[in-house]
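Owing to the predicted nature of the structure, the values given are computational and were not obtained by experimental measurement. Values below: all heavy atoms of this structure, side chains included; hydrogens, waters and symmetry mates excluded.
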Amino acid sequence: MNHLEIYVSNLKTSYVFYNWLLPQLGFASYQNWAAGFSFRKKDFYLVFVQTQAKYLANGYNRCNVGLNHLAFSVSSRAKVDFFKKQLEHRQVTLLYPERYPYAGARTIMLAFLKTPTASN
């Protein structure tokens, strides 16, 4: 995969969040322009673009058609715990907290999260 482009409801809030998260996962800032930004890791990059105002009323629901979530790998359970604490500190909604740190198979450790919006 070369890149993934994600439209966001609030570019400024998204930048603050991903500018914290992605460098900790090995991504580096790649591009910045008035309506977006990107982060790169090796030959792959993530692009975040401000949704046009006329489409904002549609809102986002992870169960609708489209992208459900992004999953990143980390090196240890300690890293999973670190990210959980940091996300809670940033008031990011953790999805399925009753399953933490596992989802599905007991060998996979995950912290589910919903990217913050300007309202939370």
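In this structure the side chain of V8 never reaches within 4.5 angstrom of the side chain of Y15, judged on heavy atoms. Within the 4.5 Å cutoff, no side-chain heavy atoms of F82 are placed close to those of V74. In this structure, the side chains of F83 and L25 come closer than 4.5 Å at one or more pairs of heavy atoms.
With Q86 as the partner, the side-chain hydrogen bond (donor to acceptor under 3.5 Å, both in side chains) test is satisfied by one option alone out of K84, R90, E88: R90.
Under a 4.0 Å N-O distance rule, the pair R77/D81 qualifies as a salt bridge.
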Taking it one step at a time, do L22 and F48 satisfy side-chain contact (heavy atoms from CB on, under 4.5 Å)? CA-CA 12 Å; L22 293 175; F48 300 88; 4.0 Å; yes

Can N2 and D43 be said to form a side-chain contact (heavy atoms from CB on, under 4.5 Å), step by step? CA-CA 7 Å; N2 180 266; D43 292 330; over 6 Å; no

Go through F37 and L11 one step at a time and tell me if the side-chain contact (heavy atoms from CB on, under 4.5 Å) criterion holds. CA-CA 9 Å; F37 61 91; L11 189 65; 3.5 Å; yes

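Rounding to the nearest 0.5 Å places CD of Q31 at 8.0 Å from CZ of R40. Here L4 contributes atom CG and S38 contributes atom OG; the two are 12.0 Å apart, rounded to the nearest 0.5 Å. Going from atom CZ of F72 over to atom CG of L46 covers 5.5 Å, rounded to the nearest 0.5 Å. S9 OG to Q50 CD: the interatomic distance, rounded to the nearest 0.5 Å, is 7.0 Å.
If you look at F39 and Y18, their ring centroids are not closer than 6.0 Å.
Counting Ile, Leu, Val, Met, Phe, Trp and Tyr side chains that sit under 4.5 Å apart, directly or through other members, Y45 shares a hydrophobic cluster with Y7, Y30, W33, V47, V49.
In the hydrophobic clustering of this structure, V16 does not group with Y60; members are Ile, Leu, Val, Met, Phe, Trp, Tyr whose side-chain heavy atoms approach within less than 4.5 Å, directly or through other members.
The number of heavy-atom neighbours closer than 6.0 Å to CG of N58, taken from other residues, nucleotides and ligands shown, is above 12.
Taking the centre and axis of the six-membered ring of F44, the NZ or CZ atom of K41 falls outside the cone set by 45° and 6.0 Å.
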